[in-house]
Amino acid sequence: IKANSIILSLNSPIIDDLTTDLHLTSLEADDFSREAVDCFIEASYTGEVEALNVGNFRDVNKMGHIFKVEWLVARCEDYFVKYLDKLDDASSYPDILFAAEEAEYLMYALKKRVLLNLVVRLVFSSAVRDNFITKYLSDFGICSKIKIDVSIAIVKEDLIHILIDILMTHLDNQGHKSLDDNSRYLLKNIDLTVCFENDPEVHAKLFTTLESIENVEKEDYRLFLALSKQLTSRHQNQSPVIELDLLASSNDFRKNTKFYTVFCKLASNPKVDNLYQFFDGLWLRLYQEGNYVVPEDLSAKIIAVKAERGWNQLNKEYVEYIMTDEHLQLLIDPVKLSSEIVFEVDQTGCIAFSGFITAEDFVAKYFCQNSSFEFELSDTDYANIKFVFSTTAMLEEKPETFSMKLELLDPKLNTSYRMPRLHLALETRDADYPKEIIPISWCGYPICNKAKTWSWGHIDFLEHQEDKSDEIESKDESKDKSAAYVYNIQNDMTCRLVAYHVDCKL
């Protein structure tokens, strides 16, 4: 195939080096299909990829990576994303298989996970993933390790039992004679503690199957020892004390950062481990200054992230009473209407750590001295178990010394119970609003300025009463300023710290 080396060199630094420095006048392209090579050359000439299709995608994408044509790699990724957007629970097995196989191939050929990361973000029902992986790994005994890696990524933690079922069926077909390489590889790369917690019956069947293996090699003993250590370690690490995260907002929430950019960063942030924290991050973005353009299908996007991350729903009360305005309603209104995001009935999982107190008393109670509060989580799996919530005062004006902890009242229970997860919020009350919830997920550490005024992220605790008549006006004006709007808790208001049970289910 003839092509202008200058045009190809302008697109590819690799081809430029081969033709300019090494003076090559031809390149071998036997590893790629003729259709893919034609598409690559046409793209180099025109800057377009109109000839890209399912049939040549793999080779065109590979050529883009090998010859470092960055814009072509980006176009291939865009094509792949658009392909994935068309997939849903009604998609055929071959349609989903194409996505999985392209991700598998890129990992095999170039050791890149970019396509797999996109596939993993797909939201399929458990039944669809179950059926797909069962077919995809029908050749489990002879398939590649990368294919197993792809399968582990697709099933995520909630469906690990699918892989264990496939493994047990494989061992049954082999007559329980011995473990092969793929069986060992799968056992080494899945978290059996998650299986134990989600489906103890499947976990028990697995170990019954492993006990029946006839020929156990030295390598298998090491593996069984590692699995035992994994389970024992997880069991012992159920500490009776956990420190609650103090996440701090960053420039990602600030002016000129698009709402959907914040959405995507929160969705992929490993520190955001429940729907409350995710929702609070979106709330804070709209509470701060900047662009208020939100996706029309916001609730659908939230539901997709919730399903992907395996999160539970929000307490209806939390969404009903959260502080709102015309901008925040862009988030709150669609969330309220979705039964997949919010429980349709009020939950009983809210705990108040004190009565309503003034801003001055709140600062004294939580920031300036150590405090603790005993409570129970009635109507949950933790009924009749007593917990203690405590705060450690900030010492010598060092914010990082402040902490909030949850622990068992009886530490002897630490080997029997997994600690619940709590989501904290601030509840305020005054003459105008009998009850209003202010998120504190992203407040970070409290600080005290030279005027002895305490701030906790976007919240100021004021020991004196100010004229509120200008508050609404100043709020609207602040939208055009660079500083974020701050919520003021004054002494004619009262507040208290509350917590919601993150894992509470109907």
Side-chain angles (χ1 to χ4, degrees), residues 1-87 94-122 144-150 153-154 250-252 256-258 260-265 267-269:
I1 305 173
K2 291 184 178 181
N4 189 308
S5 62
I6 296 177
I7 293 176
L8 296 181
S9 296
L10 289 174
N11 288 274
S12 166
I14 301 299
I15 294 179
D16 182 44
D17 181 59
L18 293 174
T19 57
T20 303
D21 297 336
L22 301 181
H23 307 292
L24 295 183
T25 58
S26 65
L27 297 175
E28 295 292 336
D30 295 340
D31 290 340
F32 312 108
S33 69
R34 172 62 184 263
E35 184 184 0
V37 174
D38 287 341
C39 181
F40 179 84
I41 293 174
E42 180 184 342
S44 299
Y45 273 74
T46 65
E48 301 296 334
V49 287
E50 294 180 359
L52 186 64
N53 56 48
V54 171
N56 63 28
F57 173 84
R58 176 177 297 182
D59 280 353
V60 174
N61 187 41
K62 184 179 179 181
M63 292 179 76
H65 281 282
I66 288 177
F67 293 113
K68 295 187 177 179
V69 185
E70 294 183 1
W71 71 266
L72 181 58
V73 171
R75 293 289 182 86
C76 288
E77 186 174 327
D78 289 341
Y79 176 87
F80 194 72
V81 169
K82 290 177 181 177
Y83 180 89
L84 296 181
D85 286 342
K86 298 177 183 178
L87 299 180
D95 288 341
I96 302 175
L97 180 64
F98 168 78
E101 286 186 334
E102 293 310 311
E104 177 188 345
Y105 178 77
L106 196 63
M107 287 181 64
Y108 166 75
L110 301 174
K111 306 296 187 290
K112 294 181 181 292
R113 290 180 59 94
V114 58
L115 296 189
L116 178 59
N117 292 338
L118 293 172
V119 171
V120 170
R121 293 182 68 87
L122 286 174
S144 69
K145 304 296 189 297
I146 292 177
K147 194 171 187 178
I148 296 175
D149 289 334
V150 171
I154 291 175
S250 65
N251 290 331
D252 294 341
N256 298 326
T257 302
K258 293 182 179 179
Y260 191 59
T261 299
V262 173
F263 183 102
C264 293
K265 289 186 176 182
S268 60
N269 188 339

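Pairs passing the side-chain hydrogen bond (donor to acceptor under 3.5 Å, both in side chains) check and including a residue from residues 7-18, sequence neighbours excluded, read Ser9-Thr19, Asn11-Trp71, Asp16-Thr20. Within the structure, the side-chain hydrogen bond (donor to acceptor under 3.5 Å, both in side chains) test picks out the following pairs touching residues 105-118 (sequence neighbours left out): Lys62-Tyr105. Listed by first and then second residue, the salt bridge (charged side-chain N to carboxylate O under 4.0 Å, His left out) pairs that reach into residues 98-110 are Arg58-Glu102, sequence neighbours excluded.
Atom CG of Leu10 and atom OG of Ser44 lie 9.5 Å apart (nearest 0.5 Å). Taking CG of Leu27 as the reference point, atom CG of Leu8 lies at 8.0 Å (rounded to 0.5 Å).
Residue-environment remark: CD1 (Ile7) exceeds the threshold of 12 foreign heavy atoms within 6.0 Å.
Under a 4.0 Å N-O distance rule, the pair Asp38/Arg34 qualifies as a salt bridge.
Taking every heavy atom of both residues into account, Gly64 and Leu72 meet most closely at CA-CD2, 4.1 Å. Here the closest non-hydrogen pair linking Leu84 and Ala99 is CD2-CB, 3.5 Å.
Panel note: side chain Asp59, backbone Ala36; no donor-acceptor pair is recorded below 3.5 Å.
Phe80 pairs with exactly one of Val119, Val114, Asn61 by the side chain to side chain contact (heavy atoms under 4.5 Å, CB included) rule, that one being Val119.
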Check residues 47-55 and write down every donor-acceptor pair under 3.5 Å in which the side-chain atom is one partner and the other belongs to a residue at least two apart or another chain.
from, atom 1, to, atom 2, distance (Å)
Asn53, OD1, Gly55, N, 2.9
Asn53, OD1, Asn56, N, 2.9
Asn53, ND2, Glu35, OE2, 2.9
Asn53, ND2, Ala51, O, 3.4

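Two residues are said to be in side-chain contact when any heavy atoms from C-beta on lie closer than 4.5 Å; Leu106 and Leu116 fail this criterion. Looking at heavy atoms from C-beta onward, Val60 lies in side-chain contact with Cys76 at the 4.5 angstrom threshold. Side-chain contact between Val69 and Phe40 is present, with at least one heavy-atom pair separated by less than 4.5 Å.
In this view, Tyr83 and Phe98 satisfy the ring-ring contact (aromatic ring centres under 6.0 Å, His included) rule, not counting sequence neighbours. In this view, Phe32 satisfies the ring-ring contact (aromatic ring centres under 6.0 Å, His included) rule with no residue, not counting sequence neighbours.
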